[in-house]
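Heads up: the structure comes next, in C-alpha cells.
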Number of protein chains: 2
Amino acid sequence: MTFSEENYLKSIYSLQKDSPKGVSTTILAQYLESKPASVTEMIKKLDEKGLVLYQPYQGVLLNKNGELVALKVIRKHRLWETFLAKKLDFSWDEIHDVAEQLEHIKSDKLIKELDRFLGFPTHDPHGDPIPDEQGNVIKVEKKQVSQLIPGETGTCVGVNDTSSSFLQFLDQQNIKLGAVIEIVHLQDFDKSMTVRIDGRELLLSQIATENIYVKL
Amino acid sequence: MTFSEENYLKSIYSLQKDSPKGVSTTILAQYLESKPASVTEMIKKLDEKGLVLYQPYQGVLLNKNGELVALKVIRKHRLWETFLAKKLDFSWDEIHDVAEQLEHIKSDKLIKELDRFLGFPTHDPHGDPIPDEQGNVIKVEKKQVSQLIPGETGTCVGVNDTSSSFLQFLDQQNIKLGAVIEIVHLQDFDKSMTVRIDGRELLLSQIATENIYVKL
DNA sequence: AAATAAGTTTAGGCAAACCTAAAAAATATA
DNA sequence: TATATTTTTTAGGTTTGCCTAAACTTATTT
C-alpha cells in the first residue's frame with residue numbers, strides 16, 4: 001500500500017458520506033488537489049486491487065476491504081493528532097499537516113504502543129472518534145450549532161472544517177472542545193447567531209455555526 | 001529533499017569515515033541495498049544540487065551543505081529512536097526500522113517539540129550522540145572492547161553493529177548501555193575474550209568485542 | 001607492459017503517480 | 001429531440017528512482 005493509495009482511500013471514505021451513490025472523479029480530484037484524469041487512473045488501480053467499487057462514469061465507493069484500510073489510516077491519523085496535541089503542545093491548527101505525514105508510517109507495534117502511551121483515547125483533538133483496531137467507530141449524535149434554536153445549549157464536541165484559518169478563529173474566540181454554547185439570538189436575515197460562551201457573548205456567522213458540532 | 005536523497009546523504013555520512021578519500025559506488029550500493037548504476041545516477045543529481053563532491057570513478061564525499069542535511073536527518077533518526085525506546089517500550093533491536101521511516105517526516109516544530117518532550121537527550125539508545133540543531137556532534141572517545149587488555153575495565157557506551165541479531169544477543173547477555181565490563185582473559189588463538197559483567201563471567205567472540213564500545 | 005579482472009558509467013527500460021489535450025459519454029438546455 | 005455543456009475517460013508525456021546489459025576506466029596480475 002503506497003502513501004498515495006492510502007490517501008485516495010481516506011479521501012473516498014470522507015467524501016462518500018455526502019455522495020452515497022458514488023464519489024465523482026471531479027470531486028475527488030478537487031479534494032486531493034489533483035486532476036480528474038489522475039484520479040481515474042488511480043481508482044482503476046484500486047478497483048483492480050479489490051479495494052473499491054468503480055463503475056466508469058458513475059463514481060467510486062469503498063468496498064469492505066477498502067473501508068477497513070481507510071479506517072486504519074484514519075485511526076493512525078487521529079492517534080498522531082492526539083499525540084501532537086497532548087504531548088507536544090501543538091495547537092489545533094498545527095496538527096493536521098504533520099499527522100498527514102505520520103499516518104503513513106508502517107508499524108503495527110508503533111500504533112499499538114502509541115495508543116497505550118496516550119491512554120487509549122477515544123476521540124482526537126478535533127472531537128472526531130478514533131476507530132479501534134478492527135475499524136469500529138463510535139458514533140456520537142451531534143448537531144451543528146446552526147440547528148439549535150435560541151435558548152438551547154450544547155457542548156462543543158467537534159468541528160467540520162479543519163482549515164487552519166477556521167481553527168485559529170476558534171482559538172481566538174476561546175471555543176474549545178467541551179465549551180458550553182448557548183444560543184442567545186438568531187439574526188434572521190443572514191442566519192448569524194449571538195451565542196454565550198464562558199459568560200461572554202459573541203456573534204457567529206452562518207458559516208461558523210454550520211462548522212461547529214455540539215451535543216445536547 | 002526526497003526520502004531517497006536523504007537516505008543517500010545519511011549513508012554517505014556513515015561511510016565516509018572509513019573511506020575518507022571517497023565512498024565508492026559499489027560500497028554505497030551495498031549499503032543501500034541498491035545497484036551501482038542507480039547510485040551513480042543519484043550522486044550525479046546530488047552533485048548538481050551542491051550537496052556532495054563527486055568525481056567520476058573516484059567516489060563521492062559530502063560537502064558542508066550535504067553534511068548539514070545528513071546531520072539533521074541523523075538528529076531526527078536518533079531523537080525518534082530515543083522516543084521509541086523511552087516512551088513506547090520498544091526494545092533495542094525493534095527501534096531501527098521504524099526510526100528509518102520517522103526520520104523523513106518534515107516539520108521543524110515537530111522535532112523541536114520532540115526534543116523538549118524527551119528532555120533534550122544527548123545520546124540515543126545505542127549510545128550514539130544526537131547532533132544539535134546546528135549539526136554539532138559531541139565526540140566521545142570510545143574504544144572497542146577488543147582494544148582493552150586483561151585487567152582493564154570500561155563502561156559500555158555504544159555499539160557498532162545495529163543488526164537485530166546482534167542487539168538481541170546483547171539483550172540476552174544483559175549487556176546494556178552503562179554496563180561495566182572487565183576483561184578477565186584474552187584467548188590468544190581466536191582473540192575471544194572472557195569478560196565480567198554484573199559479577200557474571202561470559203565469553204565474547206572477537207566479532208562481538210569489536211562491535212561493543214566502552215569508555216574507560 | 002600487456003592481459004585480465006574489478007569497478008564505474010552510460011544507454012535504454014520500467015513502474016508509480018502525476019500532467020495536458022483530445023475524444024467519448026452523460027447531463028442539461030433550447 | 002437535437003444541440004450544447006459538463007464530466008469523464010483515453011492517449012500520450014514527464015519526473016523520480018530504480019533496474020539490466022553493454023561500454024568504458026582503473027587496478028591487478030602475470
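Order of the sequence lines fixes the chain letters, A, B, ..., with proteins taken first and strands second; residue numbering starts at 1 for each chain.
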query = Rounded to whole angstrom units, what separation is found between the CD atom of B/Gln55 and the P atom of D/dT26?
reply = 11 Å
task = Please state how far atom NZ in B/Lys44 lies from atom C1' in C/dA11, giving the value in whole angstrom units.
result = 10 Å
query = Which one, C/dA17, C/dC19, C/dT10, comes nearest to the side chain of A/Ser34?
reply = C/dC19
request  = Would you please classify the geometry between the A/Phe166 ring and the A/Phe169 ring as parallel, tilted or perpendicular, with 30° and 60° separating the classes?
outcome  = parallel
task = Round to the nearest Å and state the distance from A/Glu48 atom CD to C/dA17 atom P.
result = 13 Å
key: Atom pair distance, as rounded to whole Å: CD1 in A/Ile43 and P in C/dC18   = 13 Å
ask   = Rounded to the Å, how far apart are B/Lys21 NZ and D/dA27 C1'?
value = 13 Å
task = Using a cut-off of strictly less than 4.0 Å, decide whether A/Ser4 has a side-chain nitrogen or oxygen near OP1 or OP2 of C/dA16.
result = no
query = Atom CG of A/Leu46 to atom P of C/dC18: distance rounded to whole Å?
reply = 11 Å
Residue from B/Lys72, B/Arg75, B/Lys106 passing salt bridge (charged side-chain N to carboxylate O under 4.0 Å, His left out) with B/Glu6 = B/Lys106
Closest non-hydrogen atom pair between A/Asn63 and A/Val52, with its separation = ND2-N, 3.8 Å
query = C/dA17 C1' sits how many Å from A/Lys45 NZ, rounded?
reply = 7 Å
key: Protein-nucleotide distance (A/Met42, atom CE; C/dA15, atom C1'), rounded to Å   = 12 Å
query = Choosing from C/dA17, C/dT9, D/dC18, which nucleotide comes nearest the side chain of B/Thr40?
reply = C/dT9
query = Of all the nucleotides listed (D/dT26, D/dC19, D/dT9), which has the minimum atom distance to the side chain of B/Gln58?
reply = D/dT26
inquiry  = Let's see if you can work this out: which of C/dA17, D/dT9, C/dT9 has an atom nearest to the side-chain heavy atoms of B/Pro36?
reply    = C/dT9
inquiry  = Base, sugar-phosphate or nothing for A/Ser38? Non-hydrogen atoms, less than 4.0 Å.
reply    = base
query = Side-chain donor-acceptor pair under 3.5 Å between A/His104 and A/Asn7, yes or no?
reply = yes
ask   = Touch check for A/Tyr8, heavy atoms < 4.0 angstrom, all strands: base, sugar-phosphate only, or nothing?
value = sugar-phosphate
inquiry  = Tell me whether A/Lys87 forms a cation-pi arrangement with B/Phe117, defined as NZ or CZ under 6.0 Å from the six-membered ring centre and within 45 degrees of its axis.
reply    = no
query = Considering only C/dA16, C/dT9, C/dC19, which nucleotide approaches the side chain of B/Tyr54 most closely?
reply = C/dT9
ask   = The side chain of A/Glu41 lies closest to which of these nucleotides: C/dC19, C/dT9, D/dT20?
value = C/dC19
message = Can you identify which nucleotide, out of D/dT26, C/dT9, C/dA17, has its nearest atom closest to the B/Pro56 side chain?
response = C/dT9
inquiry  = Heavy atoms from C-beta onward define the side chain here; which of D/dC18, C/dT20, D/dC24 lies closest to that of B/Tyr57?
reply    = D/dC24
